Undergrad: 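Please see the structure below; I have some questions.
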Amino acid sequence: MSGPLTALFGLHPRGIMHLPLRRAPFPASMAVEADPASFATPRLVALNEPLAETLGFSAEWLKSREGVALLSGQARIDGVPAVAQAYAGHQFGQFVPQLGDGRAHLLGIVTDDQGQVRDMQLKGSGPTPFSRRGDGLAALGPVLREYLVSEAMAALGVPTTRALAAVTTGETIWRDKPQPGAILTRIASSHLRVGTFQYFAARENREALAFLCDLAIDRHDPAAREAENPVRALYETVVARQARLVADWMSVGFVHGVMNTDNMALSGETIDYGPCAFLDVYRHDKVFSSIDRNGRYAYGNQPRLAGWNLARLAETLLPFFDPDEERALAWAQDALGRFQSLYEHAWLARMRSKLGLTVESIQDRALIDALLQLMEKEALDWTLTFRRLTRNEPLTDGPASEALERWKTDWEARRASEPASTEEQNALMQRSNPAVIARNHRVAEAIAAAETGDFSVFEALLQCLRHPFESDNAYEKPPSPEQIVHATFCGT
Ligand code: AMP
Ligand code: MG
């Protein structure tokens, strides 16, 4: 080995002395060293240049052969081994004591320009000791879906992991049909999942749990360190962050699709974009994921299921809340009990903003519920309806129903009671109601073109998703009946 980075296929580690990657701080019980698979012809197909710069990477270097070697797992960096993290999880309510990174490699950590430590992880980079029967690979479609949707969420202001890059591996992988293999480079505030804690709780490994709490506090809640009981303080902020996150999802019509405990991060970032989707027509019980047969993770169930997951997290931390089991349980129930009201409060705040309302009134809940009921009854598009309200346009293409007209009159009366001026209300709506979301049919279209080697559709959509509050008629249009995507697939 001749330098800090040694690539596998004859690359020289020139010019990479300043690679900002460091070793992730896990003991061997938490993450096993694992090399990504070798791929003969990796090709960079997407690079998030602004994100790269914030992480201290030169975008130019990432595009070079050495950069692509790093982004495809073909580089070995002395002293910075890639690792696969251990975690467990409740999948659709069933506890699985060992899941882990079966197709992901944590390359290391970097400190961004805000001083925040971030994980850099490859997804689809080959088998690990946690792969079970899987091949460790990812298909191009799901990689581009995660890229588009996570970047869309970031632009909408929703906490999320980010997509740094996508490469194709040059190999064909087998799913329901042969597909191009690909790797996503994901940047996350951490990959500490509820399932990470469950893994060690199931093994009654107190020491590991204490380590994870310390790490979570370091990464996400340094202020908790000052609290009388730092783990209680950590848990409270995790609960508050999830409440805000799910309220964000609901307000932009996002359906995660697989809210298993292994897919919920303590950071409060949206993580593990699988069969996720944005609502077109509003239905509170809407499910897209082909694997969610009972609708467990339907749009309207997301707040309740987030609470359920947080209860599982509390179970792993009970001994830290209080050495006395009963007192620990009572405290946990109390802390968890606040989730519902935190969520309600966050959700109402977002919905008020969507309607241009700047102050609270006790009628608001009824006003919002009435609108949602009408939207559901009349099969109105979630995003377009709020955007039409923002533009003061008719809500339907044909004549509006009497009920909708009545609702609008009530809304106008409520707006008239506001201390904020009409201009202020309009501006609030403008920045609370996106015109452009990652609509399923657009994502599907971008993936289909990319699978034939044409990435221009993906690029055009991505550019548009970066400015969701700017009106763009072509991309804001809901799907025509034949364009509607009814089911999304995990692609695993
Ligand atoms: P996910 O559905 O992506 O949240 O993954 C659930 C679990 O399955 C995790 O432990 C993954 O690492 C594992 N997994 C998913 N796809 C694969 C694959 N193709 N090969 C190996 N493991 C996988
Ligand atoms: Mg997952």
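This one's a predicted model, so the numbers in the text were calculated from it and none came from an experiment. All values below were derived from every heavy atom in this structure, side-chain atoms included, with hydrogens, water molecules and symmetry-related copies excluded. The first residue in the sequence is number 1, and the count goes up from there. When a ligand or atom number is given, it counts from 1 through the structure's own listing order.
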Undergrad: Give a yes or no on whether the backbone of Tyr199 and the side-chain of Arg203 come within a donor-acceptor separation of less than 3.5 Å.
TA: yes
Undergrad: Among Cys276, Ser290, Pro275, which residue satisfies the side chain to side chain contact (heavy atoms under 4.5 Å, CB included) criterion with Thr488?
TA: Pro275
Undergrad: Which of the atoms of ligand 1 are close to Arg175, meaning less than 4.0 Å from one of its heavy atoms?
TA: 19 (N)
Undergrad: Can you tell me how the ring of Phe92 sits relative to the ring of Tyr297, calling it parallel under 30°, perpendicular over 60° and tilted otherwise?
TA: tilted
Undergrad: Is the closest N or O pair between Gly100 and ligand 1 shorter than 3.5 Å?
TA: yes
Undergrad: Suppose the cut-off is 2.8 Å; which protein N/O/S atoms would you list for the Mg ion (ligand 2)?
TA: Asn263 OD1, Asp272 OD2
Undergrad: For ligand 1, which atoms sit closer than 4.0 Å to a heavy atom of Asp272?
TA: 4 (O)
Undergrad: For ligand 1, indicate whether the residue Tyr87 contacts it via side chain, backbone, both or neither (heavy-atom separation under 4.0 Å).
TA: side chain
Undergrad: How does Glu146 reach ligand 1, by side chain, by backbone, by both or by neither, if only non-hydrogen atoms under 4.0 Å count?
TA: neither
Undergrad: Can you list the residues that meet the side chain to side chain donor-acceptor pair (under 3.5 Å) rule with Arg350, with sequence neighbours excluded?
TA: Asp248
Undergrad: May I ask you to list the atoms of ligand 1 that are less than 4.0 angstrom from any heavy atom of Gly134?
TA: 20 (N), 21 (C)
Undergrad: According to the interplanar angle, ranging from 0 to 90°, do the rings of Tyr299 and Tyr282 count as parallel (below 30°), tilted (30 to 60°) or perpendicular (above 60°)?
TA: perpendicular
Undergrad: Return the set of residues passing side chain to side chain donor-acceptor pair (under 3.5 Å) with Thr270 (not counting sequence neighbours), or none when no residue passes.
TA: Trp249
Undergrad: Hey, are the side chains of Pro127 and Arg103 touching, using non-hydrogen atoms and a 4.5 Å cut-off?
TA: no
Undergrad: Please determine whether the number of non-hydrogen atoms from other residues, nucleotides or ligands lying under 6.0 Å from atom NZ of Lys286 exceeds 12.
TA: yes
Undergrad: Examine Phe320 together with Tyr235 and report whether their ring centres are nearer than 6.0 Å.
TA: no
Undergrad: Evaluate the ring planes of Phe57 and Trp61, with Trp represented by its six-membered ring, and classify them as parallel (under 30°), tilted (30 to 60°) or perpendicular (over 60°).
TA: parallel
Undergrad: Tell me the contacting part of Asp101 for ligand 1: side chain, backbone, both, or neither, using a 4.0 Å heavy-atom threshold, strictly below.
TA: backbone
Undergrad: Among Gly102, Ala84, Pro275, which residue places a heavy atom closest to atom 21 (C) of ligand 1?
TA: Gly102
Undergrad: Show me which atoms of ligand 1 lie under 4.0 Å from any heavy atom of Leu137.
TA: 19 (N)
Undergrad: Applying the side chain to side chain contact (heavy atoms under 4.5 Å, CB included) criterion to Gln85, which one of Asp101, Val32, Leu99 satisfies it?
TA: Asp101
Undergrad: Gly274: heavy atom below 4.0 Å from ligand 1, yes or no?
TA: no
Undergrad: With a 4.5 Å cut-off on side-chain heavy atoms, are His191 and Thr196 touching?
TA: no
Undergrad: Taking only residues two or more places apart in sequence or in another chain, which ones pass side chain to side chain donor-acceptor pair (under 3.5 Å) with Tyr273?
TA: Thr160
Undergrad: Could you check which of Gln91, Arg103, Gln98 puts a non-hydrogen atom nearest to atom 16 (N) of ligand 1?
TA: Arg103
Undergrad: Find all atoms of ligand 1 within a distance of less than 4.0 Å from any non-hydrogen atom belonging to Asn263, and give their numbers and elements.
TA: 4 (O)
Undergrad: For ligand 1, which atoms, with element, lie under 4.0 Å from some heavy atom of Gly136?
TA: 18 (C), 19 (N), 20 (N), 21 (C)
Undergrad: Would you kindly specify which portion of Leu99 sits under 4.0 Å from ligand 1, judged on non-hydrogen atoms: side chain, backbone, both or neither?
TA: both
Undergrad: If you count the atoms of ligand 1 from 1 in the order shown, which ones are under 4.0 Å from a heavy atom of Arg132?
TA: 7 (C), 8 (O), 9 (C), 10 (O), 13 (C)
Undergrad: Can Val258 be said to touch ligand 1, with heavy atoms closer than 4.0 Å?
TA: no
Undergrad: Could you give the distance from CG (Asn263) to CZ (Arg193), rounded to the nearest 0.5 Å?
TA: 6.5 Å
